[in-house]
Amino acid sequence: MYKHLTFLVFPFRLLCFWLVFFGAFRLWFVLWFHNDWSADQPENVWWSFWHGLPLDVSFAAYLMAIPLILWQIGVLLGIQSYGWVSKSIAIVNVVLFGVFVFVFGANLFVYEEWQTPLNNRAVEYFKTPSALLDSMSFVFKMACVALYGGGVWLIWKIYRLIVGQSIYPGKAISRWHFLVLPVWLGLLVLAIRGGLGVMPINESAVYYSAHLFDNHAATNPGWSVGHSLVEARSTENRYKIMEDADAEKRIENLKWGGLGEIKYRFRKIAYSSDSVPVEKPVNLVFLMLESHTAQVIEELEGRKGVCPNMSRLIQDGILFEHVYGSGYRTDQGLVSILAGYPAQPDQSIILLDDKASTLGSLPKLLKENGYQSLFVYGGELTFANIGLWLTNQRFDKIISERDFSAEEKTQRWGADDQMVLQRMLQEINQLKPPFFAATLTLSLHPPYDVPFKSQWAANTDSEKFLNSAAFVDQALGAFFQAAEKQPWFEHTIFVLVADHGASQPGAVGMDRPESRHIPLIIYGKPLLDDWKGERIKGYGNHHDILNTILPILSLEKRQMDRKGLWWSRNLFDVHTMDLGRVNENGKPMSQFGFAYYTNENGLGWATAHGKGFYEFKSKEWRIFEGQLTEDDKLNALAYLQTLYNDFLAR
């Protein structure tokens, strides 16, 4: 008597199919990133299959909604509709798993690069696919196409095996069964919400481990990227943990409490023909180095012998020992360095032109003060809206990949750093002083295909990274050797800084401070000899560069408001204040020195006393070094809350 009800198993079969789909990709993810398993409890990663079930069921319910409604429509229309409804359901499911084979596969590639699951920021980058495709070899592209096609075919076979070829019986079903539709929809809503609780399910429901990778393995990439896209449109500050007034008061005290009008002499005095001291404008050159982590700088406790030319610049310049990149992408780094604005966890302000246009910037400020300006990059500027943003900064001339010949494009991303720095020199020679010239390198970017062989030229990612870093250093050495012969060199200040840190060569997670620690060097003949070899120990970020360099240019009184450089601090002030208050161990007692960094996973905070990372989902701190007081932790959370309020208000 129950045979005619066997068609009711279709929803459960479809649910089983999606759970198998998610489980297969989770297995691939776990095995692919086996090096990221916990060293102390590697077996914990396998619990991700169990703890990930609530989010898997929730996302499966989303995907089942249309097929179930079509299935019930077939019941209502009768036996004559069974054929075309069955085909429609099959087509819908093929489209769905065709899309999500791509999404779940892309999650693997994104995680390899960023150590964070696929999110709305990555989706924004897919809007300029040519920049992504140009970085891939033809063989790799074909392998991806074949893998995708093979994956879709295999999933189709699994679908037919689990769901079956027919979802209706051979004879007519009573149309009264259509009245069960509200029950099915109610069950779907219940599954989507994750139960009857007050709050609907989110990623935190599957976080079960102190080791972040385990939690990422348990997170369903499809659910996560969908949630991320929805939240990207939100105008609510989801990082709020205290009253805004209290947060702002903390940040005011943290950034400026006790800082006075400290005066420094940076530059050598020039004299007019009648012996009157004059302060002539100096030229400024920014060398922004792709992924140039402190891990390859010997003076910052990095690998020895990788960057000897940078070591020579450090000997005759000013080294900032504790500078961190607030973001982990080039588009974030550019805005931090040139506009003095910190990175946001889940957004990139450069992608939102209406917000980005409210920022002040160094190129704009120098343009107002009579500087000619130049920007040189060997890659595509269409990626992540970079070209539009640079154009709006009023650069007089912008050089990109299209301005290099095919022979000069020796890397997949474009022209290598040796070619770029040679072109930079040629272009500077055509500028009239005072000038501002900036370049962004690209050779220290995966796949590390530099035209260079060093002692580290091997097959591991770590050694490929070191080989590329050595190539970049050699290119810098050649650039400075040639620049020293130019007449403008004696009147030029150089700033060398990474656009962001890197996981390699130590293969450390992007939540760890080692991956965000970057070099910042100020070098140039106009600096007083007293500054040669100086080490600045105050903690800060690369968005602090602007208000650190402006006093050297005698422009420190400009744009100190929230439409300009409010978030940028003078690291010389921080250094001086910290040195004025030290404990018995010689470490700063004050809280003026701090560094902030973030990604989609959480918020990092570094001071002279300790370094830690706050995970958004688990709402727990992980301490990597020393200790962070409760006040430090509140300061960190207040900083992000205030920053995100500022971002939303722009």
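Each residue takes its place number in the sequence, starting with 1. Note that the coordinates shown come from a computational prediction; the quantities given were computed from them, not determined experimentally.
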My understanding is that only residues two or more places apart in sequence, or in another chain, count here; which of them pass side chain to side chain contact (heavy atoms under 4.5 Å, CB included) with Asn93?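 Asn93 satisfies side chain to side chain contact (heavy atoms under 4.5 Å, CB included) with Leu14, Trp18, Pro67, Ile89, Leu96, Tyr159 once adjacent residues are dropped.
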Parallel, tilted or perpendicular: which one describes the rings of [X] and [Y], with boundaries at 30° and 60°?
X      : Y      : answer
Tyr614 : Phe616 : perpendicular
Trp32  : Trp28  : perpendicular
Trp184 : Trp71  : perpendicular
His51  : Tyr208 : parallel
Tyr597 : Tyr324 : parallel

Is the distance from the ring center of Phe213 to that of Phe29 below 6.0 Å?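 That pair passes the under 6.0 Å test.
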Donor-acceptor under 3.5 Å ([X] side chain, [Y] main chain):
X      : Y      : answer
His517 : Glu514 : no
Ser58  : Gly194 : no
Glu401 : Tyr377 : no
Ser515 : Val508 : no
Tyr596 : Ala606 : no
Asn107 : Pro117 : no
Thr598 : Gly602 : yes

Grab the two heavy atoms, one from Pro345 and one from Tyr239, that are nearest each other, plus how far apart they are.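 Between these two residues, the closest heavy atoms are CB-OH, 3.6 Å.
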Which atoms form the tightest heavy-atom contact between Ala247 and Gln641, and what is the distance?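 Smallest interatomic distance, heavy atoms only, reads CB-NE2, 3.8 Å.
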At what distance, to the nearest 0.5 angstrom, does [atom1] of [X] lie from [atom2] of [Y]?
X      : Y      : atom1 : atom2 : answer
Tyr328 : Asp331 : OH    : CG    : 9.0 Å
Arg26  : Asn220 : CZ    : CG    : 6.5 Å
Gln332 : Ile337 : CD    : CD1   : 11.5 Å
Ser326 : His500 : OG    : NE2   : 11.5 Å
Glu463 : Ser468 : CD    : OG    : 11.5 Å
Gln72  : Leu185 : CD    : CG    : 8.0 Å

Side chain to side chain donor-acceptor pair (under 3.5 Å) between His216 and Asp36, intermediate numbers included: CA-CA 11 Å; His216 286 163; Asp36 292 325; over 6 Å; no
Would you say the side chains of [X] and [Y] form a donor-acceptor pair under 3.5 Å?
X      : Y      : value
Asp646 : Tyr341 : yes
Asn645 : Asp244 : yes
His445 : Gln411 : no

Side-chain heavy-atom pair Val20, Ile162 within 4.5 angstrom cut-off: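 Touching, per the 4.5 Å side-chain cut-off.
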Among Phe104, Phe100, Tyr111, whose ring pair (Phe, Tyr, Trp, His ring centres under 6.0 Å) with Phe25 holds?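 Answer after filtering Phe104, Phe100, Tyr111: Phe104.
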Verify the neighbour count for atom CH2 of Trp47: are there more than 12 heavy atoms of other residues, nucleotides or ligands below 6.0 Å?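 Not more than 12 within 6.0 Å, no.
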Carefully, step by step, assess Thr330 and Asp499 under the rule side chain to side chain donor-acceptor pair (under 3.5 Å). CA-CA 6 Å; Thr330 294; Asp499 62 342; 2.7 Å; yes
